Amino acid sequence: MVDVSVASDAAKAALRFRLATAADLDLLVRFRRECGWGEERVRANLGNPDYQMCIFIASIDGTDVEVGMGGWILEVPGWASKADGWVRLSALFISKKYQGLGYGGRALDLLERGAVDLFGARVFTLDTSAHDRVVSADGAEYDEDTSVESRNVGWYKRRGYEVYNGPEPRFQLPAQADKERKILAVDMKKPASAVAVTA
């Protein structure tokens, strides 16, 4: 297990992760359903050595609570390469019940440190939505507000990431008129040297 202590005004509890195993399938599926990403990728990749997943655990009032998930992709052209030391941070999600407490930032810290300590990362990559979703004028579905960059992109930029690819259609968001619609995503990267070395 890897621990990190990053102070937060809202939550001072330690956050750590453990690598996911086949026994975690139901928990991972539950997290994927909650965030709306679907479960197919988890089912297809759990146990794949190039797609490592983890469970984030917080100590809340003296009890260990599984608050989210994340992962590392180690080999995908353009995103991750063992030979080049590029590790893709993937599937970062904190359960809605625990959002807004500072766990997301600490979970990203853990993914970055884990990428270096476990997989020898020299560069972190990730993808995120290019634009925020807004409710359509009739309130029936979501659409993209392409006039501004997403809050996610801004958050990652403040943490040292830069866009290196995109935007391009990637994330499925079916619409009434287009069941195959995909919203725009960007790829971002950050040098691992920007992360403090753990002793």
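This is a predicted model, so every value here is computed, not measured.
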Q. For L28 and M53, what are the C-alpha separation, side-chain angles and deciding distance, and is it a side chain to side chain contact (heavy atoms under 4.5 Å, CB included)?
A. CA-CA 9 Å; L28 292 166; M53 290 178 259; 4.1 Å; yes

State, yes or no, whether a side-chain contact exists between [X] and [Y] at a heavy-atom distance under 4.5 Å.
{"X": "V87", "Y": "T125", "result": "no"}
{"X": "W72", "Y": "C54", "result": "yes"}
{"X": "D24", "Y": "M69", "result": "no"}
{"X": "M188", "Y": "K157", "result": "yes"}
{"X": "L126", "Y": "L111", "result": "no"}

Q: Flag this pair as yes if the NZ/CZ of R151 is under 6.0 angstrom from the six-membered ring centre of W155 and inside a 45 degree cone about the axis; otherwise no.
A: no

Q: Examine K189 relative to Y164 and say whether NZ or CZ is less than 6.0 Å from the centre of the six-membered ring and inside a 45° cone about the ring axis.
A: yes

Hydrophobic clustering (ILVMFWY, side-chain heavy atoms < 4.5 Å, transitive) - are [Y] and [X] grouped together?
{"X": "L184", "Y": "Y161", "answer": "no"}
{"X": "I94", "Y": "I60", "answer": "yes"}
{"X": "Y156", "Y": "V163", "answer": "yes"}
{"X": "V148", "Y": "V153", "answer": "no"}

I need the [X] [atom1] to [Y] [atom2] distance, nearest 0.5 Å.
{"X": "L108", "Y": "R113", "atom1": "CG", "atom2": "CZ", "answer": "10.5 Å"}
{"X": "L89", "Y": "T128", "atom1": "CG", "atom2": "OG1", "answer": "12.0 Å"}
{"X": "H131", "Y": "S147", "atom1": "NE2", "atom2": "OG", "answer": "8.5 Å"}
{"X": "F93", "Y": "C35", "atom1": "CZ", "atom2": "SG", "answer": "5.0 Å"}
{"X": "N152", "Y": "S129", "atom1": "CG", "atom2": "OG", "answer": "4.5 Å"}

Determine the minimum heavy-atom distance between [X] and [Y], stating which atoms define it.
{"X": "G104", "Y": "L92", "answer": "O-CD2, 4.1 Å"}
{"X": "I73", "Y": "A80", "answer": "O-CB, 3.2 Å"}
{"X": "L15", "Y": "F56", "answer": "CD1-CB, 4.2 Å"}
{"X": "P49", "Y": "L74", "answer": "O-CD1, 3.5 Å"}
{"X": "T21", "Y": "L46", "answer": "O-CD2, 3.6 Å"}
{"X": "A115", "Y": "F124", "answer": "CB-CE2, 3.7 Å"}

Could you tell me whether [X] and [Y] make a salt bridge, using a distance below 4.0 angstrom between a side-chain N and a carboxylate O?
{"X": "E39", "Y": "R30", "result": "no"}
{"X": "K190", "Y": "E112", "result": "yes"}
{"X": "E34", "Y": "K96", "result": "no"}
{"X": "D187", "Y": "R88", "result": "yes"}

(Q) Is the distance from the ring center of Y51 to that of W79 below 6.0 Å? (A)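 Here the rings of W79 and Y51 have centres that are no less than 6.0 Å from each other.
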
Q: Decide yes or no on side chain to side chain contact (heavy atoms under 4.5 Å, CB included) for Q52 and L118, but give the supporting numbers first.
A: CA-CA 10 Å; Q52 299 288 320; L118 299 172; over 6 Å; no

**Q.** Main-chain N/O of D84 paired with R122 side-chain donor or acceptor, under 3.5 Å
**A.** yes

Q. Given V67 and S95, is the side chain to side chain contact (heavy atoms under 4.5 Å, CB included) satisfied, shown in steps?
A. CA-CA 6 Å; V67 298; S95 181; 5.5 Å; no

Q) Run the side chain to side chain contact (heavy atoms under 4.5 Å, CB included) check on R18 and E66 step by step: do they pass? A) CA-CA 10 Å; R18 63 177 171 75; E66 295 161 329; 2.8 Å; yes

